[in-house]
Amino acid sequence: MISKYDAYLVGHYGMQNSGDDALLLATLYGAQSVLGCKKMLVSSYNKTLPSGFSADIATLHEKPAFKGQNRMTHYIGAARSKRIIFGGGSVLNSAADINQKRHMMALAGKGKSMALGVGIAPFTYLNDELACRDFLNECGLVALRDQGSFDIAKDIAPRANLVKAFDLAPTLLSFGAKATQQPRSGVAINLCARPTSAPASVNAKAEAMRVVRICEFIEKLWYHTAQPVTLLSFNGHPVYGDHHIHNKIRARIGGRVPLKIVDYNPDPLEMLKILASFSAVVGMRLHCNIFSYMTNTPCMALNYHSKSVQWCHQVGIPADYQMDADNINPDALLNKVL
């Protein structure tokens, strides 16, 4: 089949997540300006692209009409493209998903395909690790976003073309995404659900305790500073969105503290401007912390995953400005934010 597209861009795009929105924008920018791609295809659950970019959409479905519909869409897109670009994020997890990506590369051309700014967490099952090993050996270039991911990749695939790199989102600063200087005030808080393999009752209990402790922190912060508090959503998905937890916080506070909720914004550049308006941020989602870094906004990181810890290590966030999301100490958090 004659290749119609210079590149097929693949990631967790179109799921109403600000981090993935930023990764898509950065990947589009890099593919166009660095690799010289003129005709691109993007896999997405949403048919809207960032303004200023032109590409066709390979539409994915959260509820496929038949088993294998999304896989078929990927394979057709791959067969029509000169290379696959896996643009950022945690895209190397389960064996089934990784092997699908291997099939896509085989259809497009393994040597030219790239995985850029991707992360790898320690594997639970051997099959997942073996599939990832094969992917790393077959992909033309794999740029890992942090030292931990690089170490895992180097251990399981020492002969692969591996590069220790960075998260893709900060590359947005390369094309004028710098937030404008503006007065800062108030504290932004971002929480998210933490899906784990534990039973649902265990996850629910942990989340309930997190909400209780954050509410205690908010009330003490208001008492000491009278600074406005904003609950900032980085995910607007109807099922997985941050607003579910933020609404629980607002309901528990019960009007004792004035709270503002800022909903998910599909434009990552606008999200950067929003982050730049706060005096401080308490962030749980990885890209809330990354956006804070990009806008020079002081941030307390509530780590819930190895990728969060790796980010803090990579950019030199002191241990005093990190806290386990499952063990929030309201008084300690207050002292650090103050």
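Owing to the predicted nature of the structure, the values given are computational and were not obtained by experimental measurement.
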### Query
For H313, does the NE2 atom have more than 12 heavy-atom neighbours from other residues, nucleotides or ligands under 6.0 Å away?
no
### Query
When L116 is tested against each of L23, T171, V163, L168 for side-chain contact (heavy atoms from CB on, under 4.5 Å), which residue passes?
L168
### Query
Which atom names give the shortest non-hydrogen contact between S90 and H12, and what distance separates them?
O-NE2, 3.4 Å
### Query
Does F278 offer a backbone N or O that forms a donor-acceptor pair with the side chain of R184 under 3.5 Å?
yes
### Query
Do F86 and F135 have their ring centres less than 6.0 Å from each other?
yes
### Message
For H244 and E207, which I'm curious about, is there any donor-acceptor pair between the side chains at under 3.5 Å?
### Response
no
### Query
Are a donor atom and an acceptor atom from the side chains of Y45 and H61 found within less than 3.5 Å of each other?
no
### Task
Please confirm whether the backbone N or O of A280 pairs with a side-chain atom of T297, one donor and one acceptor, at under 3.5 Å?
no
### Query
Is there a donor-acceptor contact under 3.5 Å from the side chain of S81 to the main chain of G77?
yes
### Task
State whether the side chain of H224 and the backbone N or O of K220 hold a donor-acceptor pair below 3.5 Å, judged by distance alone.
yes
#### Entry: D242 backbone acceptor or donor facing N235 side chain under 3.5 Å
no
#### Entry: W311/F166 aromatic ring centres below 6.0 Å
yes
### Message
Quick check for you: to the nearest 0.5 Å, what is the distance between Q69 atom CD and H74 atom NE2?
### Response
11.0 Å
### Message
Measuring from atom CG of L24 to atom CG of N17, what distance do you get when rounded to the nearest 0.5 angstrom?
### Response
12.0 Å
### Task
Measure the shortest side-chain to side-chain distance between V337 and F217 over non-hydrogen atoms and say whether it is less than 4.5 angstrom.
yes
### Closest heavy-atom pair and its distance - M72, F66
CE-CE1, 4.2 Å
### Message
Test your reading of the model: is there a side-chain donor-acceptor pair from H246 to the backbone of T230, 3.5 Å cut-off?
### Response
no
### Task
Please answer whether the main-chain N or O of E270 pairs with a side-chain N or O of N265 as donor and acceptor at a distance below 3.5 Å.
no
### Task
Return yes if some donor-acceptor pair links the side-chain N/O of D6 with the main-chain N/O of K38 below 3.5 Å, else return no.
yes
#### Entry: Check: S233 side chain, Y264 main-chain N or O, donor-acceptor pair, under 3.5 Å
no
### Query
Backbone N or O of Y13 within a donor-acceptor pair of the D20 side chain at under 3.5 Å?
no
### Task
Decide ring pair (Phe, Tyr, Trp, His ring centres under 6.0 Å) for F234 and F291; before the verdict, give the C-alpha distance in whole Å, the side-chain angles of both, and the deciding distance to 0.1 Å.
CA-CA 10 Å; F234 266 67; F291 279 33; 5.4 Å; yes
### Query
Do other residues, nucleotides or ligands put more than 12 heavy atoms under 6.0 Å from K112 NZ?
no
#### Entry: Short side-chain donor-acceptor distance under 3.5 Å, Y5 and D56
yes
### Query
Are a donor atom and an acceptor atom from the side chains of S149 and D146 found within less than 3.5 Å of each other?
yes
### Nearest-0.5 Å distance, OH of residue Y8 to CG of residue L107
11.0 Å
